[in-house]
Trainee: 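Take this structure, written in structure tokens, and hold onto it; I'll ask about it next.
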Amino acid sequence: MKIEVNGEARDVTGTTLAEALAELGWAEARVATALNGDFVPKAARGETALKDGDRLEVLAPMQGG
Amino acid sequence: MRDFYGVTLDTPLMLGTAQYPSPAVLESAFRDSRASVATVSLRREGGQGQAFWDIIRGLGVHILPNTAGCHSAREAITTAQMARELFETNWIKLEVIGHADTLQPDPFGLLDATEALAADGFEVFPYTTEDQVLAARLLDAGARVLMPWGAPIGSGLGLNNRYGLRMLRAAFPDVPMVIDAGLGLPSHAADALEMGFDAVLLNTAVAQAGDPVAMARAFALAVQAGALARAADPMGPRDMAQPSTPVLGKAWL
């Protein structure tokens, strides 16, 4: 299905957030996720279903002031 | 020193982690600043987040994630939730920006987000102005620390409204307060501590100095001097001169 990941169109075959993250190479990464603007805790990724057009944000620790 | 949500800091300096010429300079600047807290952010993972996490953990200081760049309460709340999981802390430096040029806080969004986050167990450090009414509302909403600005973020202007800041400090003597944003020089930091603020938070003043490590050292000395001076109970200013050398016993010449 087609979803948007960090602002870019991506094609994923997985149907859950956890599967999509693994496909995108972030299975083990220290990242936090939000789906369509709502936070999805790590523990809930396995049961969070994705659908066409979903907007996924995958954020990592970064420099800040 | 006053504690921040139960944490007593070793030094009254909080330092940002952005804009350094290199990770090595960041690490050296932190070491020489003797900062107790590092502020961090969250951004889209582009491959550098994992290495940065290792650097931050290596600093051995408390981590204060921010919600920089958020322009609505909703955005800030979601960012805070993500930060809590990512950085494993309930602390959040809550920024809800209301104006693109001044990066001034949006008081209404800030209040909404503070209320929601405090109710959700967050320990909120709201980035606010010197406005006393807003300060009271933020405290009512569950904030137990306030972070009034010195001047707009990145401006380096120092304490723009000393009168307002002095009034704020006096109005809430028991609330831990951090002057956040706008400091450009060590003297600004010393000034804030002499006025009774409990800590300062800065980033650009160190990171964008010609020699960030030397500037970090200068800030370390300044906050130490400011805190010592405050504890020593400074004299009040006087409009008229008063001789310090005794008048009594002066020769008739």
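Letters A, B, ... mirror the listed sequences (proteins, then strands); counts begin at 1.
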Trainee: Check whether A:Lys42 reaches the backbone of B:Leu86 with its side chain - one donor and one acceptor, N or O, closer than 3.5 Å.
Mentor: no
Trainee: Could you list the residues that satisfy side-chain contact (heavy atoms from CB on, under 4.5 Å) with B:Asp120, not counting sequence neighbours?
Mentor: B:Gln81, B:Arg84, B:Phe122
Trainee: Is B:Gln50 reaching over with its side chain to a backbone N or O of A:Arg30, donor-acceptor style, under 3.5 angstrom?
Mentor: yes
Trainee: Can you tell me which residue among B:Thr78, B:Thr79, B:Ile77 is in a side-chain contact (heavy atoms from CB on, under 4.5 Å) with A:Phe39?
Mentor: B:Thr78
Trainee: Okay, side chain of B:Arg44, backbone of A:Asn6: is any donor-acceptor separation there less than 3.5 Å?
Mentor: yes
Trainee: Work out which heavy atom in A:Gly65 is nearest to a heavy atom in B:Ala18; give both atom names and the distance.
Mentor: N-CB, 4.4 Å
Trainee: Which residue pairs pass the side-chain hydrogen bond (donor to acceptor under 3.5 Å, both in side chains) test with at least one member in residues 52-76 of chain B, sequence neighbours excluded?
Mentor: A:Asp38-B:Arg74
Trainee: Anything in residues 147-156 of chain B with a heavy-atom distance to chain A below 4.5 Å? Please list those residues in order.
Mentor: none
Trainee: I need the minimum non-hydrogen distance between A:Ala60 and B:Glu45, along with the two atoms involved.
Mentor: CB-OE1, 3.5 Å
Trainee: Crowded around B:Tyr5 OH? As in, over 12 foreign heavy atoms under 6.0 Å?
Mentor: yes
Trainee: Quick one: side-chain contact (heavy atoms from CB on, under 4.5 Å) partners of B:Ile56, sequence neighbours excluded?
Mentor: B:Thr17, B:Val40, B:Phe52, B:Leu59, B:Ile63
Trainee: Flag the pair B:Glu85 / A:Pro41 as yes when at least one side-chain heavy-atom distance between them is below 4.5 Å, and no otherwise.
Mentor: yes
